[in-house]
Every structure is written in C-alpha cells, then in structure tokens.
Amino acid sequence: MKKLILIATVIFMSVVMSSCKEDEVAPMIWEFSSYDKEAVSAVYSPEYYNQVVIEANSDHNGEITITCTNYPNLSIDAYTNEGTFVCEEAGFSITKIDGRTLKIVFTPVSNVGEDGIYTYVSVSGNNNKERNTTNMSIARLQEKK
C-alpha cells in the first residue's frame, strides 16, 4: 500500500510540476501624443524586436511625447548628462518627463541620404514586480515629394 501511495504521489507531483508554466513578463505598452502626424510616424508593435518605431522628416522641428501605460518607472538605457539622451547625427534628444513619460525633441538635420538615418535606443521599465525593455528605432528620413 505504501508503494502505491508513493507511486501516486510521484505521478501527481510530476503532473503538477509539468503543468506549471512561468508567467511571462508583460510587454511594455506605449501611447503617443503631442506630435505632428504629417511629419512624424509613430508605431507600437509588441511582437517585433523594435517594438516602437518613430520616423520623422529630416526638416521637422518639433516633438513627440510617449507614455508607457503599464510600467511607471522608466529609464533610458543610454543616459547622458542629466538623464537626457542626445543623438546629434539624427537630430533628436530624449528626455524623461516623469516616471512613465518620455519626450523626444527633433531638430532639423541635413545629409540624411536616400536611406535615412536610423538610431536605436533601449528603454527599461519597472513596475515593482516586473522589469521589461522596449527597443526603439528612431529614424530621420527625407521628406517624400
């Protein structure tokens, strides 16, 4: 009888252990606001490696605000002085406005070439339970005529 109970216990534990699946970390969810939709294209696609893609015309002088709705503590993984990331070649800077909001400011750039200028930035988020990262592709492109 003890052998039967032991075998049943081992089988039960095997089933329980194999059915446990580690919960996946929630993807960072982004919203875009305060930007000129004629000059800037912003797309959020969590299923792609570059989950946020922002493209701006090379002559655009303006900004876009992006907010993470589910991770309240953001950090730009390439900070420079005073929490701002600056890319002079592509003519933009990223500043953390509050815990969950970033502002990207564009300045006109020349010599983007036919293929444009692409820069990649990693942003991490923390919600006190989980940590995740979003890869952002920020491009400056010639205006299509």
Side-chain angles (χ1 to χ4, degrees), residues 5-6 8-145:
I5 292 174
L6 180 63
T9 303
V10 169
I11 292 172
F12 176 75
M13 291 304 291
S14 297
V15 169
V16 168
M17 295 299 250
S18 66
S19 66
C20 291
K21 181 182 175 191
E22 184 101 10
D23 291 336
E24 290 186 25
V25 177
M28 296 174 78
I29 300 172
W30 295 94
E31 292 180 352
F32 308 105
S33 61
S34 305
Y35 68 104
D36 178 357
K37 292 180 172 111
E38 297 292 321
V40 178
S41 166
V43 177
Y44 163 66
S45 298
E47 62 273 4
Y48 291 105
Y49 180 75
N50 292 319
Q51 298 161 336
V52 172
V53 177
I54 299 172
E55 297 176 341
N57 293 339
S58 61
D59 62 346
H60 181 60
N61 189 16
E63 60 189 46
I64 182 171
T65 301
I66 60 175
T67 303
C68 183
T69 62
N70 62 336
Y71 285 87
N73 303 310
L74 298 179
S75 64
I76 304 167
D77 295 340
Y79 272 141
T80 58
N81 220 4
E82 299 174 12
T84 299
F85 174 77
V86 177
C87 182
E88 291 180 14
E89 179 188 10
F92 73 88
S93 63
I94 305 174
T95 305
K96 187 174 165 181
I97 302 301
D98 60 33
R100 64 175 65 232
T101 306
L102 304 173
K103 182 186 289 188
I104 302 173
V105 177
F106 296 101
T107 57
V109 291
S110 57
N111 302 323
V112 297
E114 289 182 21
D115 296 331
I117 299 172
Y118 291 84
T119 302
Y120 302 93
V121 178
S122 178
V123 176
S124 296
N126 182 334
N127 64 8
N128 295 325
K129 289 189 264 180
E130 300 175 318
R131 182 171 174 81
N132 207 340
T133 301
T134 290
N135 296 306
M136 296 185 182
S137 170
I138 301 174
R140 299 305 296 271
L141 306 172
Q142 287 184 356
E143 186 174 0
K144 295 180 181 162
K145 298 179 181 185

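Worth saying up front: this structure is predicted, and the values here are computed from it rather than measured.
- A donor-acceptor contact shorter than 3.5 Å links the side chain of R140 to the backbone of N57.
- A distance-only check finds no donor-acceptor pair linking the side chain of R100 to the backbone of L74 [under 3.5 Å].
- The distance from atom CG of N127 to atom SG of C68, rounded to the nearest 0.5 Å, is 9.0 Å.
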Solution key, residues 28-48 side-chain donor-acceptor pairs under 3.5 Å, sequence neighbours excluded:
residue, atom, partner, partner atom, Å
W30, NE1, T134, OG1, 3.0
D36, OD1, E38, N, 2.9
Y44, OH, M28, O, 2.7

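- Shown here for D98 and K96, the closest heavy-atom pair between the two residues is O-CG, 3.3 Å.
- Summarising the geometry of Y71 relative to N126, their closest heavy-atom pair is CD2-N, 3.6 Å, with the distance given to 0.1 Å.
- With a 4.5 Å cut-off on side-chain heavy atoms, F85 and D77 do not count as touching.
- Test I97, I76, T95 against L102 for side-chain contact (heavy atoms from CB on, under 4.5 Å) and you get one pass: I76.
- A heavy-atom distance below 4.5 Å is found between the side chains of Y118 and L141.
- Atoms CE and CD1, on M136 and I66 in that order, are 3.5 Å from each other to the nearest 0.5 Å.
- Pairs of residues two or more places apart, or lying in two chains, never qualify as salt bridge (charged side-chain N to carboxylate O under 4.0 Å, His left out) while including a residue from residues 106-129.
- A distance of 12.0 Å separates OG in S58 from CZ in F106, rounded to the nearest 0.5 Å.
- Minimum heavy-atom separation, V86 to S93: CG2-CB, 4.0 Å.
- Residue Q142 holds its CD atom at 10.0 Å from CD1 of I117, rounded to the nearest 0.5 Å.
- At distances below 3.5 Å, at least one donor-acceptor pair connects side-chain atoms of N70 with backbone N or O atoms of P27.
- Checking V105, T84, I138 one by one against I94, the side-chain contact (heavy atoms from CB on, under 4.5 Å) holds for a single residue, I138.
- N132 contributes a side-chain N or O that, together with a main-chain N or O of A26, makes up a donor-acceptor pair within less than 3.5 Å.
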